[in-house]
Amino acid sequence: MTGNIDQIEKSLCKMASEARSAAGFLSSVSGEMKNRALVSIAEALITNAGAILAENKKDLELAEGNIKPSMLDRLRLTSERIEAISASVKKVVALPDPTGLSDGWTRPNGLKIERRRVGLGVVAIICESRPNVTADASVLCLKASDAVILRGGKEALNTNRMIVSTIRTALEQCGFPRGCVQLIDSADREYTLKLLRMSGQIDLAIPRGGAGLINFVKENSRVPVIETGAGNCHIYVHEDADQEKAINILINAKTQRPSVCNSAEGLVVHSSIAASFLPKAAEALQQKGVEIRADGRACTFINDPKIVKATEEDFYTEYDDLIISVKVVDSLQEAIGFINEHNTKHSEAIITESLSASDEFSAKIDAACVYTNASTRFTDGEEFGFGAEIGISTGKLHARGPMGLNELTCVKYVITGNGQIRK
């Protein structure tokens, strides 16, 4: 076992060294050169789609029966999804390069201070079985002048190998070092533990996945961590809501793609409209195959034997599936308190025609994204105009909400003097 750990440490140190060198290269190349490399990657993904799909088929066959259907959907690639990934890369090409941007000022003593935006350096991305994240993370890091070390879920191992191989070949053809994008292609969990302890060699770790993965990374990392991914999101239907609008938004937020982090996991309803709204909402949800787990009051309004009585744990759960919890409250203030206690600080929505209710909800809800009369499914870097995203940050340091290019950079101060000394 000791020999194996030594080999893992040796392998990771080599990767980190190559990544550091690649980050230095990226810091010196022009935005035009980076864009040419990204266009090459976008084209290579389409050219190599057959090989990627063949590897993805292997992963799907291995995962069948071992993960729930919603997670299988996250893992699955199709020709259309690869085309969408390629199109997303091209959208990143069209975005302004954040590196090299600067502003400056002159102090009374004549010192000229310039603030430049630069890449973070070496970024580690630890994600679950979503191969699209492999491509998204790679191209965003490249454009932000960061080298990336990827650690994907074991279920996507074959797919990720092929995607990264495709990206690295395209980069080499453009004169970029292969160390710009690297993949840990072993399922051994010890790699993740060792990676997270490489303080000084890795500049930032970003987990992409559920609460279990995020907590594991936070608890074991000696590298700065930005939390992304966990999404126990709610739809609150206020007493002044347009009920038809509320049902349309609810169905979209819950069922359009239930396996993703911005789908709704909880429905909160004001008691004054529960009798009229909940039976209609329950029928619409059940028509879409959604299992309802309701509190005692909600059960009396719905009065359907198929409804499951919710436990307290249900209100904290990110299902990533066609399941939703339901809670009845007596006031806007109770709804805000309930959501803030149970959510993951991701995305929350209020459905209301009352401007004052919307304003209070938006001000008091503790979440990265707060919606009025819109689906939580819009919490996405591309939907916000950022291109592909690295993840949805639910923390409050450095980045919050959809993380695009700017969030993958930091600043450097360059100071020019003429002999000044401090007295």
Side-chain angles (χ1 to χ4, degrees), residues 22 25-27 29-53 55-56 74 76-101 117 119 123 125 127 130-148 150 152 156 159-178 180-183 206 208 228 257 260 262 377-392 401-409:
F25 169 86
L26 290 169
S27 70
V29 301
S30 67
E32 183 180 354
M33 286 182 64
K34 289 188 288 186
N35 282 341
R36 282 203 297 268
L38 295 185
V39 169
S40 178
I41 289 170
E43 293 172 349
L45 288 168
I46 297 298
T47 301
N48 212 28
I52 294 171
L53 290 173
E55 295 304 305
N56 185 244
R74 283 190 174 193
R76 180 175 290 106
L77 288 179
T78 62
S79 296
E80 292 75 19
R81 287 185 178 181
I82 292 176
E83 288 172 6
I85 292 169
S86 175
S88 182
V89 176
K90 292 180 179 178
K91 288 179 181 178
V92 174
V93 172
L95 295 171
D97 187 341
T99 61
L101 297 177
R117 189 154 289 279
V123 178
I125 309 289
C127 60
R130 294 184 64 182
N132 65 298
V133 173
T134 301
D136 288 350
S138 298
V139 300
L140 281 169
C141 286
L142 285 165
K143 181 110 178 188
S145 295
D146 296 325
V148 62
L150 299 152
T159 311
N160 284 336
R161 282 174 181 154
M162 185 55 66
I163 290 174
V164 170
S165 175
T166 300
I167 290 172
R168 295 181 73 174
T169 299
L171 285 173
E172 279 190 304
Q173 291 171 351
C174 294
F176 282 58
R178 290 171 68 86
C180 290
V181 179
Q182 298 181 80
L183 173 72
I206 303 175
R208 284 287 307 265
T228 73
R257 198 172 179 195
V260 293
N262 57 20
R377 286 284 289 114
F378 286 105
T379 301
D380 177 86
E382 186 169 343
E383 293 290 342
F384 278 28
F386 302 158
E389 70 182 26
I390 206 76
I392 309 297
M403 290 180 61
L405 290 171
N406 285 337
E407 289 72 32
L408 287 169
T409 62

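Just so it is clear, the values below take in all heavy atoms, side chains as well, and ignore hydrogens, waters and symmetry mates. Keep in mind the model is a prediction, meaning the values are calculated, not measured.
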Report task. Find out whether F176 and L26 are in side-chain contact, i.e. whether some heavy atom of one side chain is under 4.5 Å from a heavy atom of the other. Result -> yes

Query raised in the report: Within the side chain of E43, is there an N or O that forms a donor-acceptor pair under 3.5 Å with the backbone of S40?
Result: no

Query raised in the report: Would R161 and E55 satisfy side-chain contact (heavy atoms from CB on, under 4.5 Å), going step by step from the backbone distance to the final call?
Result: CA-CA 9 Å; R161 282 174 181 154; E55 295 304 305; over 6 Å; no

Query raised in the report: Distance-only, no hydrogens or angles: does the D146 side chain make a donor-acceptor pair with backbone N or O of V123 under 3.5 Å?
Result: no

Query raised in the report: Counting N and O atoms only, with roles assigned by atom type, does the side chain of R168 sit under 3.5 Å from a partner on the main chain of Q182, one being a donor and the other an acceptor?
Result: no

Query - I85 and L45, any side-chain heavy atoms less than 4.5 Å apart - result: yes

Query raised in the report: Just by distance, do the side chain of T169 and the backbone of T166 share a donor-acceptor pair under 3.5 Å?
Result: no

Query raised in the report: Hey, are the side chains of N48 and M162 touching, using non-hydrogen atoms and a 4.5 Å cut-off?
Result: yes

Requested in this report: Look only at the side chain of K143 and the backbone of V93, and say whether a donor-acceptor pair between them is shorter than 3.5 Å.
Outcome: yes

Report task. Mark yes or no for whether D380, through its side chain, and E383, through its backbone, hold a donor-acceptor pair below 3.5 Å. Result -> yes

Query - Minimum side-chain heavy-atom gap T134-D136 below 4.5 Å - result: no

Requested in this report: Mark yes or no for whether S86, through its side chain, and I82, through its backbone, hold a donor-acceptor pair below 3.5 Å.
Outcome: no

Report task. Assess whether atom CZ of F378 is packed by more than 12 heavy atoms of other residues, nucleotides or ligands within 6.0 Å. Result -> no

Query raised in the report: Quick one: are I125 and I390 in side-chain contact, heavy atoms under 4.5 Å?
Result: yes

Query raised in the report: For R36 and E32, what are the C-alpha separation, side-chain angles and deciding distance, and is it a salt bridge (Lys or Arg N to Asp or Glu O under 4.0 Å)?
Result: CA-CA 6 Å; R36 282 203 297 268; E32 183 180 354; 3.2 Å; yes

Requested in this report: Side-chain contact test, heavy atoms from C-beta onward, threshold under 4.5 Å: evaluate it for M403 versus T228 and give yes or no.
Outcome: yes

Query raised in the report: About how many Å separate CG of N35 and CG of D97, when rounded to the nearest 0.5 Å?
Result: 7.0 Å

Query - Evaluation steps, side-chain contact (heavy atoms from CB on, under 4.5 Å), between L408 and I206 - result: CA-CA 11 Å; L408 287 169; I206 303 175; 4.2 Å; yes

**Report entry** L142 side chain near L171 side chain, heavy-atom distance below 4.5 Å
**Finding:** yes

Report task. Considering only NZ, NE, NH1 and NH2 on the basic side and carboxylate oxygens on the acidic side, decide whether R178 and E172 come within less than 4.0 Å. Result -> yes

Query raised in the report: Can you tell me how far SG of C127 sits from CZ of R74, rounded to the nearest 0.5 angstrom?
Result: 10.5 Å

Requested in this report: Could you verify whether a donor N or O on one side chain and an acceptor N or O on the other, from N56 and T159, lie under 3.5 Å apart?
Outcome: yes

Query raised in the report: How about S79 and L53: do any of their side-chain heavy atoms sit closer than 4.5 Å?
Result: yes

Query - Side-chain donor-acceptor pair present, K34, T99, cut-off under 3.5 Å - result: yes

